[in-house]
Amino acid sequence: MKRVKSFPTLTEKQIAIFEKEGKVKTYKAQEVIIDEGERGFDFFIVLEGEVDIIDPFQPDTLITTHTKREFTGDSDMLSQRASVFKAVAKSDCKLIQVPHEKLSDILSTYPDLNDILITAFILRRKELLKKNNSGFTLLGSRFSPETYVIRDFFSKNHLRYIWLDLEKDKKAEEILLNFNIKQEETPVIIDADFNVYRKPSLQDIAHHTGLSATIQEDKYDILIVGAGPGGLAASVYGASEGLKTITIDKIGPGGQAGNSSKIENYLGFPTGISGSELANRAYTQAQKFGCTVSVPIEAETLIRHKNHFELKTKEGKSIYASTVIAASGAKYRSLNVENIDFYKGRGVFYGATTTEANTCQKEEVAIVGGGNSAGQAAMFLATFAAKVHLIIRGDTLEKSMSSYLIKRVENEPKIQVHTNSEITALEGEEHLERVILTNNKSKETSSLHLRNLFLFIGAVPANDWLKDLICMDRKGFILTGNELSAYDLQCFHWDLDRPPYPLETSQPGLFAVGDIRSGSTKRVASSVGEGAMAISFIHNFFA
C-alpha cells in the first residue's frame, strides 16, 4: 500500500492533462534527465521505457525505477531547491516533460492530481530520510556548539546527512586522516563529490546544498519573518489567495514547535504529529501555492518608508514589502546560572528532537520545566535515555501540564520528577558533566552526573529586529489591535484615521502573530489561526 501511495501510476486521462501543459521528449539509454544539484528541475511522466532514480551519495544504489505512467520528483519539486537525486534513462524512453513553473498551476486547478502528487512527494522524502544511510557526511563533536547548530539546520530543512561523532565513531578518525583534516578544523561537511567544507556557516551549507531561494529585487505584497506555525499558516493563506509572499527564517521551518517530539492536542491528529513533520507539510503546502521560503536569513532591522517596508538582513540584503507579518516567535529562557553560555551546545539544549536524542542513548538526562513541552520531551527522551530527571520549581505538575500528559509521566518508570527544585550550578571542564540541584524549601543541595540538560522554562520574545519601531509590553511582546491605547498610537505616530486592525501593530501594515504577540496563548493551533487571520486583515489593509 505504501508503494502505491509513494509511487502511484496515473490514468490516461490524468496524463492527458499534463501533456497539454508539457511536451513529449525522447531520451537514449543512460542519458541524464535530471542532474543532481539542478535548480528548478522539471517534472517528468514515463510514457515508454524506464527511468532510474539514483542516489548521488550511493551511485550504485537505486532509490527506485519509474515505469510506465509513473512520475519523478519529491517535495523539492515545488520549491527553488536543487535536486538531491539524479534521474537517468535506464533504456530508450519517451517522457512528458512539464516545466517546473507550470506544475503548481496544474495542482491548483486539478484537486485529484494535487492529492496524488503531494502525497507521493511528502512520502518519498519522508522514506528517504528514514533510511538514514546516505547523505552529506558531518564530522563534529557532540560537545561542539557549531556541530549542534549544523545538525539542527539539516534536520529542520529535511536534508539527508550522516553524523559521525568525533567522541564515539572510529570511522570519523579514519576520515580525518584520509582527508588531512585537523580536529580544530571541525565541524566539517563532505558532499557526494568528496568536496570538504571546513567550519562552514549555515549560508555556506545552504549555497552548497541548493537550499537557499532567490530573493527578487522588486517589492513583495507580504514579507513574513519566521517560519513557525503562525508564519507558515500566513505563508499558505497569503500565497493561495494570490498575494506575492516571501517567508524567511534564520534556521528552517518549524520554529519552537519544530522542537516538539510529538504534538498530541493539535486538531485533526488524534495519534499526534511531530513538530518537524507538521512544519514540513506546511512548508510543502506553502511552496505549492507559490510562496518563496528562504533560509537561512536572519532579520536585523525593519524600516518603514512612506508606502512600504524595508527589511535589512544580517546577510547584508534588503527585502521590500508592502506589508510585514512578525512571526519570529519566542525562545526558551535560559537558566540564571553564571556559566550557562559556555555550556550551550556542550550539553545544554533548548529542544528535544531526534537530533538531540541520538546523543543520549542509555545515558541519564535532565529536563527543566513543567509545561506540556517539557512533558512531551520527557516521554520522548525516556525511549532513548537510561533515566530522565524532570526538574520543576513548584510542588506539582498540575499547575502547568495537561492531565493526560501528567498520567503518562507518572506511569513512566524511567522518569523521576524533582519538585521544589532548581539548578543552581553547572560543572564540567570541556562540556557538561554535572548539575547541582537546590531544594527551594529545605535549601539542601544534591548533584546529578549527566551530560545532557534540556531547558523548557518559559519564553522570551525574538524581537531584536523590531527595536523601537513598534509598541511592546513590559516583557517585550508586541501589542496589537485594541490592546494599543490612543496614547500608544500617538507615541508611535499612527497616521491613519482608522484604529489598528486586530493583530496589527502600532505601525500600519505591520502585523504580529503567534508567540511574539502580547496576550497570545502560546499554542500551535492559536498561532496557525492567527496566521490565517492576519491575511484577512491584510486584504482589508490593501482595500
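On a predicted model such as this, the values are computed, not experimentally measured, just so you know.
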Query raised in the report: If we ignore angles and hydrogens, is there a donor and acceptor under 3.5 Å between the side chains of S322 and D221?
Result: no
Query raised in the report: Checking salt bridge (charged side-chain N to carboxylate O under 4.0 Å, His left out) for the pair E315/K250: CA distance, chi angles, key distance, verdict?
Result: CA-CA 10 Å; E315 294 75 25; K250 66 178 182 179; over 6 Å; no
Query raised in the report: Quick check, are the ring centers of H208 and Y197 under 6.0 angstrom apart?
Result: yes
Report task. Evaluate the criterion side chain to side chain contact (heavy atoms under 4.5 Å, CB included) for residue pair F153 and Y161; output intermediate values, then yes/no. Result -> CA-CA 11 Å; F153 181 74; Y161 76 103; over 6 Å; no
Report task. Run the ring-centre check on Y148 versus F349 and record whether the distance is less than 6.0 Å. Result -> yes
Report task. Hey, could you give me the CZ/CD1 distance between F18 and I45, rounded to the nearest 0.5 Å? Result -> 5.0 Å
**Report entry** Lys/Arg N to Asp/Glu carboxylate O, R81 vs D76, below 4.0 Å
**Finding:** yes
Query raised in the report: Any side-chain donor paired with an acceptor under 3.5 Å for T247 and S235?
Result: yes
Query raised in the report: Can a donor-acceptor pair be found between the side chains of W465 and T301 at a distance below 3.5 Å?
Result: no
Query raised in the report: Side chains of E300 and T313: do they bring a donor and an acceptor to under 3.5 Å?
Result: no
Query raised in the report: Salt bridge between D495 and R304, side-chain N to carboxylate O under 4.0 Å?
Result: yes
Query raised in the report: With a 4.5 Å heavy-atom cut-off, do D249 and V225 have their side chains touching?
Result: no
Requested in this report: For Y237, look at atom OH and say whether over 12 heavy atoms of other residues, nucleotides or ligands are found less than 6.0 Å away.
Outcome: no
Query - Heavy-atom neighbours of H539 NE2 exceed 12 at 6.0 Å - result: yes
Requested in this report: May I ask you to decide whether E38 forms a salt bridge with K86, counting only side-chain N to carboxylate O separations under 4.0 Å?
Outcome: no
Query - Within 6.0 angstrom of H493 NE2, more than 12 heavy atoms from elsewhere - result: no
Query raised in the report: Are the aromatic ring centres of H66 and F71 under 6.0 angstrom apart?
Result: no
Query raised in the report: Quick one: do the T505 and T480 side chains pair a donor with an acceptor below 3.5 Å?
Result: no
Query raised in the report: So, D488 versus S485: side-chain donor-acceptor pair below 3.5 Å or not?
Result: yes
Query raised in the report: If you measure from CG on L117 to CG on L103, what distance do you get to the nearest 0.5 Å?
Result: 6.0 Å
Query raised in the report: CD1 of I478 to CG of L469: how many Å apart, nearest 0.5 Å?
Result: 9.5 Å
Query raised in the report: Any ion pair linking D515 and K522 (charged N to carboxylate O, less than 4.0 Å)?
Result: no
**Report entry** S75-R124 side chain donor-acceptor pair, cut-off 3.5 Å
**Finding:** no
Query - Distance-minimising heavy-atom pair for G371 and M401 - result: O-CE, 3.3 Å
Requested in this report: Go through the structure and list residues passing side-chain hydrogen bond (donor to acceptor under 3.5 Å, both in side chains) with K331, not counting sequence neighbours.
Outcome: none
Query raised in the report: Does atom CZ of R523 have more than 12 heavy-atom neighbours, drawn from other residues, nucleotides or ligands, at distances under 6.0 Å?
Result: no
Report task. Taking only Lys NZ, Arg NE, NH1 and NH2, and the carboxylate oxygens of Asp or Glu, determine whether E70 and K68 approach each other closer than 4.0 Å. Result -> no
Query raised in the report: Minimum heavy-atom separation for P253 to Y283, with atom names?
Result: CG-CD1, 3.7 Å
Query raised in the report: Would you say the side chains of S201 and D204 form a donor-acceptor pair under 3.5 Å?
Result: yes
**Report entry** Salt bridge K5-E127, side-chain N to carboxylate O under 4.0 Å
**Finding:** no
**Report entry** Gap between atom CD of Q507 and atom CG of L489 - 0.5 Å precision
**Finding:** 10.0 Å
Requested in this report: Return yes when atom CG of N482 has more than 12 non-hydrogen atoms of other residues, nucleotides or ligands closer than 6.0 Å, and no otherwise.
Outcome: no
Query raised in the report: Would you say the side-chain atoms of D42 pair up with the backbone N or O of H100, donor to acceptor, closer than 3.5 Å?
Result: yes
Requested in this report: Mind checking the CG-OG1 spacing from L128 to T64? Nearest 0.5 Å is all I need.
Outcome: 11.0 Å
Requested in this report: Measure from the ring center of Y350 to the ring center of F456 and say whether it is less than 6.0 Å.
Outcome: no
Report task. Could you tell me which residues satisfy side-chain hydrogen bond (donor to acceptor under 3.5 Å, both in side chains) with K156, sequence neighbours excluded, listed by chain and number? Result -> none
Query raised in the report: Does a donor on one side chain and an acceptor on the other come within less than 3.5 Å for K288 and N114?
Result: yes
